[in-house]
Amino acid sequence: MAESTNRIFEIKDGADFKKRILEAPADKTIVVDFWADWCAPCKTLTPILEKVIKSLGNDIYLAKVDVEKNSSLAETFNVASIPNIKVFREGKVIEEIVGALPEAQLKSKLSKLVASPADKLVVQARKLVQEGDIEKAERALREALANDQDHPRARLRLAELLLIDGNVNEARELVTGISDETAEHQAAKAVLGMIGFADVCAKAGGMTGVRKKLKSKPKDLGTRYSLACCLATSSDYPGALEEFLKIVEEKKDFRDEAAREAMLHIFALIGNSNPLTVTYRKKLSQILY
């Protein structure tokens, strides 16, 4: 990504868009202006938009897309009329502005979309997790919540770390505080599902107790369900999905389809594009339908 002196740039083609917009650093906000030379309102908006971007600091960028030269991009992002502004962060559209707004209104909207200190700490925490430094990641997330106690991603990410460590009560408190109006709400529901797994595992005597029971009663679906929950709690998602699938194969309506619902919780948690999700969603569909 360009430095502050080059925060306004033209997009050449789809590959350039992918590199500079979709793969931009997670703490950078990219304002994409879809325009055309024949569009008079676009020409009115351009100097206003550039002025606003320059006034908002080094973490917000302006990318200009000429829809005449990049019609496929306009089609991909459903640009029906111009001027059209789409704001991206982490490769996703987080805001859309259609038409030419006055400077004050435009600045008010965009200023709220610049990465906050809490946003940056969440990005930092994610990098730390990838590097294996869970302790520092937890500290970064707690600092993010000290800055913004309702920050949904900080709540979600910290809850996930705490759940791995077995701190179920605090994890539950964090995710139940995530508003259903946020993009993180579905993931929060998935984490609550994982907390449910932890509760089941604990009540069954933990992994050791469950495996001991399963040896004496290998066909008991309740015990197998507890084992799957223990595996999910310890982040052994392949093992958990396999055990839940065995239950669905044996009895689809076990505990009002609890095993199927459990698999859906894991899919939501690890993401639809995860190879495990793709593989086990197909297996589940083959059994059910």
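All heavy atoms count here, side chains included; hydrogens, waters and symmetry mates do not. No experiment lies behind these values; they were computed from the predicted model shown.
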Residues clustering with Leu214 (ILVMFWY side chains joined when closer than 4.5 Å, directly or via others): Met207, Val210, Leu227, Leu231
Residue pairs involving residues 173-216 (criterion ring-ring contact (aromatic ring centres under 6.0 Å, His included); sequence neighbours excluded): Phe197-Phe244
Linked, directly or transitively: Leu264 and Leu288 (ILVMFWY side chains, under 4.5 Å): yes
Salt bridge (charged side-chain N to carboxylate O under 4.0 Å, His left out) contacts in which one or both residues fall within residues 40-50, not counting sequence neighbours: Asp37-Lys43
Any residue meeting ring pair (Phe, Tyr, Trp, His ring centres under 6.0 Å) with Phe34, in chain and number order, not counting sequence neighbours: none
Sequence neighbours excluded, every pair satisfying salt bridge (charged side-chain N to carboxylate O under 4.0 Å, His left out) that has a member inside residues 103-118: Lys51-Glu103
Expected output: side-chain Arg7 to main-chain Leu62 donor-acceptor under 3.5 Å: no
Residue pairs involving residues 65-116 (criterion ring-ring contact (aromatic ring centres under 6.0 Å, His included); sequence neighbours excluded): Phe17-Phe77, Phe17-Phe88, Phe77-Phe88
Contact list for residues 220-289, test disulfide (SG to SG under 2.5 Å), sequence neighbours left out: Cys201-Cys230
Phe267 vs Leu241 side-chain heavy atoms within contact, under 4.5 Å: yes
Single-linkage hydrophobic cluster, 4.5 Å side-chain cutoff, Leu73 and Val93 together: yes
Minimum-distance pair of heavy atoms, taken over all atoms of Ser226 and Val200: OG-CG1, 3.8 Å
Shortest non-hydrogen separation from Asn272 to Val278 and the atoms involved: O-CG2, 3.8 Å
Members besides Leu174 in its Ile/Leu/Val/Met/Phe/Trp/Tyr cluster (side-chain heavy atoms under 4.5 Å): Val122, Val129, Ile134, Leu141, Leu145, Leu158, Leu161, Leu162
Heavy-atom check, side chain of Ile97 versus side chain of Val31, under 4.5 Å: no
Closest heavy-atom pair and its distance - Leu269, Glu160: CD1-OE2, 4.0 Å
Those residues that, when tested against Arg155, pass salt bridge (charged side-chain N to carboxylate O under 4.0 Å, His left out) (two or more places apart): none
Lys64 atom NZ: more than 12 heavy-atom contacts under 6.0 Å: yes
Contact summary for Val168 and Ala198, nearest pair of heavy atoms: CG2-CB, 3.8 Å
In one Ile/Leu/Val/Met/Phe/Trp/Tyr side-chain cluster, 4.5 Å: Leu221, Leu245: yes
Sequence neighbours excluded, every pair satisfying disulfide (SG to SG under 2.5 Å) that has a member inside residues 41-117: Cys39-Cys42
Residues Glu23, Lys18: salt bridge by 4.0 Å N-O rule: yes
Reference residue Asp119; test salt bridge (Lys or Arg N to Asp or Glu O under 4.0 Å); the match among Arg89, Arg157, Arg126: Arg89
Atom pair CG (Leu45) and CG (Asp33), whose distance is rounded to the nearest 0.5 Å: 5.5 Å
Ionic contact status for Lys69 with Glu10, cut-off 4.0 Å: no
Thr279 side chain to Leu276 backbone, donor-acceptor under 3.5 Å: no
Transitive ILVMFWY side-chain link Trp35 to Ile53, under 4.5 Å: no
Ion pair Arg142/Glu138, N-O distance below 4.0 Å: yes
Check ion pair Arg139-Glu135 (N to O, under 4.0 angstrom): yes
Side chain Thr176, main chain Glu173, donor-acceptor under 3.5 Å: yes
Under-4.0 Å salt bridge between Lys127 and Asp27: no
Single-linkage hydrophobic cluster, 4.5 Å side-chain cutoff, Val79 and Leu22 together: yes
Greater than 12 external heavy atoms within 6.0 Å of Glu181's CD: no
Val123: hydrophobic cluster co-members (side-chain, 4.5 Å): none
CG (Asp180) with more than 12 external heavy atoms under 6.0 Å: yes
Partner residues of Asp66 under the salt bridge (charged side-chain N to carboxylate O under 4.0 Å, His left out) criterion, sequence neighbours left out: none
Smallest separation among heavy atoms of Ala144 and Ala154, with atom names: CB-CB, 4.0 Å
Taking every non-hydrogen atom, the tightest pair across Gly14 and Asn70: N-OD1, 4.4 Å
Neighbour count above 12 (heavy atom, 6.0 Å) for Glu75 CD: no
Full working for side-chain contact (heavy atoms from CB on, under 4.5 Å) between Lys283 and Glu249: CA-CA 10 Å; Lys283 289 182 177 182; Glu249 285 179 312; over 6 Å; no
Glu243-Tyr225 side chain donor-acceptor pair, cut-off 3.5 Å: no
